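The residues of the chain are indexed from 1 along the displayed sequence. No experiment lies behind these values; they were computed from the predicted model shown.
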Amino acid sequence: MSGSQSQVWVAGHDGHTLIRADAIMAIGQEDGQVTARLAGPDGLEVLLADGTGDDMPIPDDFHCQLIRAVAEAAYAGGARLIRAYRDDGGWHWVTGPV
C-alpha cells in the first residue's frame, strides 16, 4: 500500500503484534479464539482475540464482524488500527487511528 490508499492494521490479542489487513489470507474462529492466517509460504497464524475461559464468550460471528470492520476502515481512508475489545457489553472490534 502506498500513496493515498488507506492502510488498515489489525492488532494481535496482546496488542504488541500489528499486521496489515491486506496480509491476512484467512480468518478462523474456533473454541473461543479468532485467528488470522497470513499470506505467504509459511502461513503463519496470529491470535487476534482470545475468549477462552472468559465469562462472556466471543460471539459466533466475531470473525465476520472483523471482515466488516476492515472494509469500513479501508473505506474511511488513512491509517487505521482495529483491535478486539471486551467490556461489560461484550466483545467488539474497535477501530481508531494508528
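Here the closest heavy-atom approach between residue Gly12 and residue Val46 is recorded as CA-CG1, 4.3 Å. Scanning all heavy atoms of the two residues, the minimum distance from Ala11 to Arg83 falls at CB-CB, 3.8 Å.
The aromatic rings of Phe62 and Trp91 lie perpendicular to each other, with more than 60° between the two planes, well past the 30° mark.
More than 12 heavy atoms of other shown residues, nucleotides or ligands fall within 6.0 angstrom of atom CG in Asp55. Within 6.0 Å of the CG atom in Asp60, the count of heavy atoms belonging to other residues, nucleotides or ligands does not exceed 12.
Side-chain heavy atoms closer than 4.5 Å link hydrophobic residues (I, L, V, M, F, W, Y) into clusters, and following such links, even through other members, never connects Leu81 to Val10. In the hydrophobic clustering of this structure, Tyr85 does not group with Met56; members are Ile, Leu, Val, Met, Phe, Trp, Tyr whose side-chain heavy atoms approach within less than 4.5 Å, directly or through other members. At a threshold of 4.5 Å between side-chain heavy atoms, the hydrophobic network of Ile, Leu, Val, Met, Phe, Trp and Tyr places Leu44 and Met25 in two separate groups. The hydrophobic cluster containing Ile24 does not contain Trp9, counting ILVMFWY residues as joined when their side-chain heavy atoms lie under 4.5 angstrom apart, directly or transitively. A single hydrophobic cluster is seen to contain both Leu66 and Leu38, as judged by linkage of ILVMFWY side chains at heavy-atom distances under 4.5 Å, directly or through other members.
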When you look at Ile82 and Glu72, which way does the side-chain contact (heavy atoms from CB on, under 4.5 Å) test go after all the steps? CA-CA 11 Å; Ile82 301 171; Glu72 290 169 2; over 6 Å; no
The test is side-chain contact (heavy atoms from CB on, under 4.5 Å); show your working for Val98 and Gln7 and say whether it passes. CA-CA 9 Å; Val98 174; Gln7 292 187 12; over 6 Å; no
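Between Arg86 atom CZ and His92 atom NE2 the span is 9.5 Å, to the nearest 0.5 Å. For the atom pair Arg80 CZ and Thr95 OG1, the distance stands at 6.5 Å (nearest 0.5 Å).
Considering Ile67, Leu48, Val70 in turn, Leu48 is the only one that fulfils the side chain to side chain contact (heavy atoms under 4.5 Å, CB included) rule with Trp93.
Proximity of Ile58 to Gln29: side-chain heavy atoms (C-beta onward) are separated by under 4.5 Å at one or more points.
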